[in-house]
Amino acid sequence: MAASNDQLSNQELLTQQRSITEQVNLRPMHALPQLVVGLDAAYDEDSSKAVAAAVVIDTASFEIVEQATATVANPVDYRPGFLAFREAPVLLAAMAKLRHEPELVVCDGHGIAHPARAGLACHVGVALGVPTIGCAKNHLTGSFADIGPERGESQPHGSHRPTVRPRRTPA
DNA sequence: GCGACAG
DNA sequence: ATCTTGTCGC
């Protein structure tokens with residue numbers, strides 16, 4: 001049981017996501033940038049604090065160029081389909097501490113592969129104005145064929161029929 | 001109606 | 001995300 005911070009109704013959140021979706025600009029990236037930043041978040045024991053780390057690497061040497069961390073108190077509760085509202089704040093706080101300006105951001109969670117095409121990576125990318133890709137470990141929505149065992153293999157992600165239905169808001 | 005549901 | 005015992009794979 002987290003703090004009483006989920007003031008926003010599902011409708012308000014959906015409206016926010018729609019706004020994000022409209023601001024996303026999909027574009028092909030032909031070359032691997034020199035500076036890439038990896039983003040991830042974690043929480044303390046009772047989830048009263050969210051912590052994030054931003055690590056910049058030089059893709060030519062694979063060496064760490066810079067790194068920063070940030071903390072946020074009482075993050076909103078997690079809700080399937082609305083992860084960005086919980087994690088984007090800390091991630092952006094960590095990003096704000098970087099002196100370097102990466103040309104590509106890689107963060108946990110989905111981006112376009114989201115019921116509203118407004119996953120965490122979209123929120124982060126729009127907020128930063130930097131090309132961003134989501135790298136989720138688990139499935140959220142849509143479907144795709146089995147991916148082969150070889151490194152680099154891939155399969156196109158299918159239609160995004162909304163499978164995540166907003167839960168009722170307590171208030 | 002039942003199951004699914006990033007982190 | 002986070003906790004934790006038993007089991008599996010290299």
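Just so it is clear: chains get the letters A, B, ... in the order the sequence lines come, proteins before strands, and each one is counted from 1.
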Report the distance from atom [atom1] of [X] to atom [atom2] of [N], rounded to the nearest whole Å.
| X | N | atom1 | atom2 | result |
| --- | --- | --- | --- | --- |
| A:Asp40 | B:dA6 | CG | P | 15 Å |
| A:Leu83 | B:dG7 | CG | P | 8 Å |
| A:Arg86 | B:dG7 | CZ | P | 13 Å |
| A:Glu87 | B:dG7 | CD | P | 9 Å |
| A:Phe85 | B:dC5 | CZ | P | 21 Å |
| A:Arg79 | B:dA4 | CZ | P | 21 Å |
| A:Leu120 | B:dA6 | CG | P | 13 Å |
| A:Leu14 | B:dC5 | CG | C1' | 14 Å |

Where do A:Arg86 and A:Val76 come nearest, in terms of heavy atoms and distance?
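It is NH1-O, 2.7 Å.
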
Residue pair A:Thr141 / A:His157: nearest heavy atoms and the distance that separates them
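That closest heavy-atom pairing would be O-NE2, 2.8 Å.
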
[atom1]-[atom2] distance between [X] and [Y], expressed to the nearest 0.5 angstrom:
| X | Y | atom1 | atom2 | result |
| --- | --- | --- | --- | --- |
| A:Asn138 | A:His110 | CG | NE2 | 8.0 Å |
| A:Ile147 | A:Glu153 | CD1 | CD | 8.5 Å |
| A:Gln17 | A:Phe82 | CD | CZ | 5.0 Å |
| A:Leu91 | A:Leu120 | CG | CG | 5.5 Å |

Please determine whether a side-chain nitrogen or oxygen atom of [X] lies at a distance below 4.0 Å from atom OP1 or OP2 of [N].
| X | N | value |
| --- | --- | --- |
| A:Lys137 | B:dA6 | no |
| A:Tyr78 | B:dA6 | yes |
| A:Asn138 | B:dG7 | yes |

Using distance only, find each side-chain donor-acceptor pair of residues 124-132 of chain A under 3.5 Å and give its atom names and separation, not counting sequence neighbours.
from	atom 1	to	atom 2	distance (Å)
A:Thr132	OG1	A:Val130	O	2.8

A:His114 side-chain N/O to A:Gly81 backbone N/O, donor-acceptor pair under 3.5 Å:
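Pair found, side chain donor or acceptor close to backbone of A:Gly81.
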
Could you verify whether a donor N or O on one side chain and an acceptor N or O on the other, from A:Gln23 and A:Ser19, lie under 3.5 Å apart?
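Note: A:Gln23 and A:Ser19 side chains meet the donor-acceptor criterion.
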
side-chain contact (heavy atoms from CB on, under 4.5 Å) involving A:Ser143 - partner list, sequence neighbours excluded
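For A:Ser143 there are no side-chain contact (heavy atoms from CB on, under 4.5 Å) partners, ignoring immediate neighbours.
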
Going by side chain to side chain donor-acceptor pair (under 3.5 Å), name the pairs with one or both residues in residues 53-63 of chain A, residues two or more places apart or in two chains.
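Sorted result for residues 53-63 of chain A: A:Gln34-A:Asp58.
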
Does A:Gln155, at its CD atom, have more than 12 non-hydrogen atoms belonging to other residues, nucleotides or ligands within less than 6.0 Å?
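Check passes, neighbour count above 12.
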
Quick one: stems for DNA chain B, with Watson-Crick or G-U pairs under 3.5 Å, at least three in a row?
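Stems found: none.
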
Stems involving DNA chain C, each a run of at least 3 consecutive Watson-Crick or G-U pairs under 3.5 Å:
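In DNA chain C, stems of three or more pairs: none.
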
So, does the side chain of A:His139 form a donor-acceptor pair with the base of B:dA4 at under 3.5 Å?
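Such a pair does not exist between side chain and base.
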
Would you grab the first and last nucleotide of DNA chain C (5' to 3') that comes under 4.0 Å of any non-hydrogen atom in chain A?
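Endpoints of the contacted stretch of DNA chain C: C:dA1 to C:dT2.
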
